[in-house]
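Notes for the one structure printed next.
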Amino acid sequence: MTTLLVRSSGPLTTVQDRGRVGLAHLGVARAGALDAPAAALANRLVGNGPDAAVLETTLGGLAVVASDGCWVALTGAPAPLEVDGARRGHGRPEWVPSGALLRVGTPRTGVRSYLAVAGGIDVAPVLGSRSTDTLAGVGPPRVEDGVELPVGTPFRPPSPVDTPRPPAPGPLRVWPGPRADWFAPDVLDRLGRTAYTVLAESNRIGLRLDGPPLARVREGELASEGMVLGAVQVPPDGRPVVFLADHPPTGGYPVVAVVDPRDLWQCAQLRPGESVRLTVPAGSPGSPGSPGSPGAPAATG
């Protein structure tokens with residue numbers, strides 16, 4: 001069996017696949033790759049199926065030694081890739097000879113890079129997934145220095161031409177949340193007009209944002225409710241938190257909006273100090289000028 005001996009795990013490296021979908025009613029978060037399109041691309045490049053597990057590494061620093069020759073691909077944040085000191089490419093299949101040392105450097109932009117190996121990381125699944133949940137501790141432990149990761153049997157040859165262009169980053173599209181009425185009527189408009197700054201406390205659990213606080217018009221406690229991936233929760237300080245893959249199953253603060261699933265990948269790549277906007281798509285409920293929003297034309301009978 002091919003293995004990867006981890007010489008260095010960097011700031012944070014975890015095993016991730018598509019996560020534990022469909023178990024939220026049991027209190028089990030999804031986990032899974034934060035930048036799902038990047039992880040899926042890495043798997044396609046080395047010929048893996050969509051459910052294969054990859055390594056998600058945060059700000060690089062990963063170094064592994066392959067026991068046998070294998071194909072790998074690095075996607076996501078554009079980190080330098082080296083094999084025995086020789087530079088290799090990003091976003092394409094690369095051959096790693098037996099015993100070679102593979103290093104992932106610090107990315108120029110973005111946060112999380114994805115290393116797929118042909119055959120996938122073959123750790124034992126927990127509740128149907130090989131994903132590490134960093135909050136609940138479900139799934140394989142965080143990758144540490146010195147561990148040996150098993151690699152599965154390659155499924156098919158690498159596919160160097162199957163490389164779609166990455167989507168362009170932009171504002172995070174949001175939809176009205178279930179507790180938007182706990183805030184002023186123009187709260188979603190205010191979200192769209194505000195540039196928030198990503199805080200250093202952000203992680204796989206949540207993207208924490210700094211900016212003008214969102215004032216509540218309704219006080220009091222809210223019973224814990226189930227949270228969906230991308231829920232924009234507003235704690236007492238009024239600064240929104242976007243719940244990500246390892247978020248808790250319940251929360252006691254109102255959810256003002258929900259990030260469109262198509263934009264969640266961007267939350268994986270936003271660095272502390274970077275600016276981000278949340279916008280409500282034109283014509284959707286709560287968007288500026290939509291029926292019922294402040295300034296919208298009055299409905300006529």
Side-chain angles (χ1 to χ4, degrees), residues 1-6 8-44 46-58 62 64 66-67 70 72-73 75-76 104 111-155 202-207 224-231 242-251 261 264-265 267-268:
M1 170 185 288
T2 298
T3 61
L4 298 180
L5 174 61
V6 179
S8 173
S9 57
L12 175 64
T13 297
T14 58
V15 178
Q16 299 293 341
D17 57 14
R18 294 203 289 185
R20 300 177 179 84
V21 180
L23 298 176
H25 64 294
L26 300 176
V28 179
R30 195 198 73 161
L34 273 190
D35 188 343
L41 173 60
N43 271 329
R44 288 199 298 274
V46 297
N48 287 344
D51 293 321
V54 303
L55 293 178
E56 179 184 277
T57 185
T58 301
L62 175 67
V64 299
S67 65
C70 56
V72 301
T75 62
V104 178
V111 177
R112 294 173 177 87
S113 304
Y114 294 86
L115 182 72
V117 56
I121 305 299
D122 195 22
V123 296
V126 177
L127 296 176
S129 170
R130 295 181 169 88
S131 288
T132 301
D133 185 328
T134 59
L135 178 63
V138 178
R142 299 182 183 191
V143 174
E144 302 286 352
D145 296 0
V147 303
E148 209 165 9
L149 299 170
V151 176
T153 303
F155 182 60
S202 300
N203 51 29
R204 283 184 50 85
I205 300 167
L207 185 73
S224 291
E225 298 177 317
M227 295 290 114
V228 299
L229 185 60
V242 181
F243 275 22
L244 300 181
D246 293 356
H247 69 81
T250 62
L264 284 172
W265 68 273
C267 299

Look at the side chain of [X] and the backbone N and O of [Y], then say whether any donor-acceptor pair between them is shorter than 3.5 Å.
| X | Y | value |
| --- | --- | --- |
| Thr75 | Ala38 | yes |
| Asp35 | Gly76 | no |
| Glu56 | Leu34 | yes |
| Thr132 | Pro140 | yes |
| Thr58 | Pro11 | no |
| Asn203 | Gly206 | yes |

How far does [atom1] of [X] sit from [atom2] of [Y], to the nearest 0.5 angstrom?
| X | Y | atom1 | atom2 | result |
| --- | --- | --- | --- | --- |
| Thr13 | Glu144 | OG1 | CD | 9.5 Å |
| Arg204 | Gln16 | CZ | CD | 3.5 Å |
| Asp51 | Phe155 | CG | CZ | 10.5 Å |
| Leu5 | Glu148 | CG | CD | 5.5 Å |
| Leu115 | Leu62 | CG | CG | 6.5 Å |

Minimum heavy-atom distance between [X] and [Y], given as atom pair plus value:
| X | Y | value |
| --- | --- | --- |
| Asn43 | Pro50 | ND2-O, 4.2 Å |
| Ala268 | Val111 | O-CB, 3.4 Å |
| Ala245 | Ala29 | O-CB, 4.0 Å |

Can you name the side chain to side chain contact (heavy atoms under 4.5 Å, CB included) partners of [X], sequence neighbours left out?
| X | answer |
| --- | --- |
| Val228 | Ala231, Val258 |
| Ala136 | Asp133, Val138 |
| Ile121 | Leu4, Val15, Ala53, Leu55, Val117, Val123, Leu149 |
| Ser129 | Asp17, Arg20, Ser131 |

Flag side-chain contact, heavy atom, 4.5 Å: [X] against [Y]:
| X | Y | value |
| --- | --- | --- |
| Pro125 | Leu127 | no |
| Tyr114 | Val104 | no |
| Val6 | Val64 | yes |
| Ile205 | Pro248 | yes |

Carboxylate-amine/guanidinium proximity below 4.0 Å for Arg130 and Asp122: yes
Residue list, side-chain hydrogen bond (donor to acceptor under 3.5 Å, both in side chains) with Ser9, at least two apart or on another chain: Asp145
For Phe243, ring-ring contact (aromatic ring centres under 6.0 Å, His included) partners two or more places apart: His247
